[in-house]
Trainee: 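Just passing along the structure, written as structure tokens.
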Amino acid sequence: MEFCRSQILALVALFLFPVAYGWGIDGHLITCRIAQPRLSKAAADAVENLLPAYADNDLGSVCAWADRVKFHYHWSSALHFIDTPDNLCTYQYSRDCKDEDGIKDRCVAGAINNYTTQLLTYGNENSASQYNLTEALLFLSHFMGDIHQPLHVGFTSDRGANTIDVHWYTRKTVLHHVWDNSIIETEEERFYDSNVNEMIDAIQKNITTVWAKQAKAWEACSKTTCPDLYASEGIKAACDWAYKGVHEDSVLEDDYFLTRSPMVNLRLAQGGVRLAATLNRIFG
Ligand SMILES: *[C@@H]1O[C@H](CO)[C@@H](O)[C@H](O)[C@H]1NC(C)=O
Ligand SMILES: *[C@@H]1O[C@H](CO)[C@@H](O)[C@H](O)[C@H]1NC(C)=O
Ligand SMILES: *[C@@H]1O[C@H](CO)[C@@H](O)[C@H](O)[C@H]1NC(C)=O
Ligand SMILES: [Zn+2]
């Protein structure tokens, strides 16, 4: 496979701005791969129809698209996260869903509502031209992942733990990146032979066994989608698990990894189950 210019640029961007991303590429891949097999016939058909041809009907392959266009679509960069007041450990849409300039609705919860509303026009001839529904699907699939990464609903002054320097075992990084990438990568290496597909299989198996009852409850939502619920859970998990016990220059090793990875797996599972449930409600 040849690298095209945009792929090289994306790789350069990844290298230059490693802390700016949501779940890393694998986190997004995992949520979308969990979601796609759970789609109803109507939703699966709509997704197949909307996906770009190069995706080959694999939602996972384009689940990180929104991170790749962040620089080109500069307006979209505020839509990947929510900043909440320091140390409060709560989220409120009216108080917190805004960008750095205070413009309302410009946060990941606002974006999930936005792209859900756009996708509800699918199949409606009159409004078909108003939005690019391929982009709406790719944004929604990505943002449903981001909102489940606890530190994407983090504190304002540390930018979701992007300014907290830590060591992941022997490597220097920031706490935000530990939750985007390091925990997932270490799980893959230690437990799944560095094979992300085996990790996806393990999470899927738990969704149908140990989490089967809870998974029903994760899907529940009286509207088409419930981003405020997902964000409230997120800041609580950020306080109880991500920030907890960590300070500037902490060395995070097995104690942290083994106690936090179950929370990462749970959030990946919830993100996938809820993305599917949302798409099923949109296209159902
Ligand atoms: C809603 O979607 C449109 C089209 O992509 C975009 O221009 C706008 O910034 C989005 N707003 C939010 C809050 O997501
Ligand atoms: C919709 O967006 C996709 C992805 O950016 C792009 O490839 C496609 O050309 C767009 N479609 C239209 C009709 O503009
Ligand atoms: C699946 O559930 C078992 C039993 O609770 C747990 O030990 C394991 O870590 C879980 N695996 C994943 C990937 O969630
Ligand atoms: Zn993101």
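In listed order, ligands and their atoms are each counted from 1. Note that the structure is predicted; figures quoted are calculated from it, not measured.
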Trainee: W65 vs E135, test: side-chain contact (heavy atoms from CB on, under 4.5 Å). Steps then yes/no.
Mentor: CA-CA 9 Å; W65 171 87; E135 293 194 343; 3.8 Å; yes
Trainee: How far is atom 9 (O) of ligand 1 from its nearest protein heavy atom, and which residue and atom is that?
Mentor: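 Sorting protein heavy atoms by distance from atom 9 (O) of ligand 1 puts R106 NH1, 3.1 Å first.
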Trainee: Which residue owns the protein heavy atom closest to atom 13 (C) of ligand 1, what's the atom, and how far is it?
Mentor: D105 O, 3.2 Å
Trainee: Run the salt-bridge test on R33 and D58 with the 4.0 Å N-O cut-off and return the result as yes or no.
Mentor: yes
Trainee: Heavy-atom distances under 4.0 Å decide this one: backbone, side chain, both or neither, for W65 against ligand 2?
Mentor: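 The part of W65 near ligand 2 is the side chain, not the backbone.
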Trainee: Tell me whether D96 is salt-bridged to K104, with the criterion being a basic N under 4.0 Å from an acidic carboxylate O.
Mentor: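 Salt bridge absent between D96 and K104.
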Trainee: Do any N/O/S atoms of H152 come under 2.8 Å of the Zn ion (ligand 4)?
Mentor: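 Within the cut-off used here (under 2.8 Å), H152 places no N, O or S atom near the Zn ion (ligand 4).
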Trainee: Taking heavy atoms and a distance under 4.0 Å, where does Y131 meet ligand 1: side chain, backbone, both or neither?
Mentor: neither
Trainee: Taking the six-membered ring for Trp, are H142 and H28 ring centroids under 6.0 Å apart?
Mentor: yes
Trainee: When you measure from atom 10 (C) of ligand 1 to every protein heavy atom, which one gives the shortest distance, and what is it?
Mentor: N114 ND2, 2.5 Å
Trainee: What protein heavy atom sits nearest atom 2 (O) of ligand 2, and how far away is it?
Mentor: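 The protein heavy atom lying closest is N132 ND2, 2.3 Å.
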Trainee: Can you tell me the protein heavy atom closest to atom 5 (O) of ligand 2 and the distance?
Mentor: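 Looking at atom 5 (O) of ligand 2, the protein heavy atom closest to it is E135 OE2, 2.6 Å.
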Trainee: Check for me whether the distance between the ring centres of Y131 and Y115 falls short of 6.0 Å.
Mentor: no
Trainee: Which of the atoms in ligand 1, numbered in the order shown and given with their element, are less than 4.0 Å from a heavy-atom of Q118?
Mentor: 1 (C), 2 (O), 3 (C), 4 (C)
Trainee: I'd like to know if Y115 contacts ligand 1, where contact means a heavy-atom distance under 4.0 Å to any ligand atom.
Mentor: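 Contact check Y115 vs ligand 1: positive.
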Trainee: Assess H142: does it contribute an N, O or S atom lying under 2.8 Å from the Zn ion (ligand 4)?
Mentor: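 Given the 2.8 Å cut-off, H142 counts as a ligand of the Zn ion (ligand 4).
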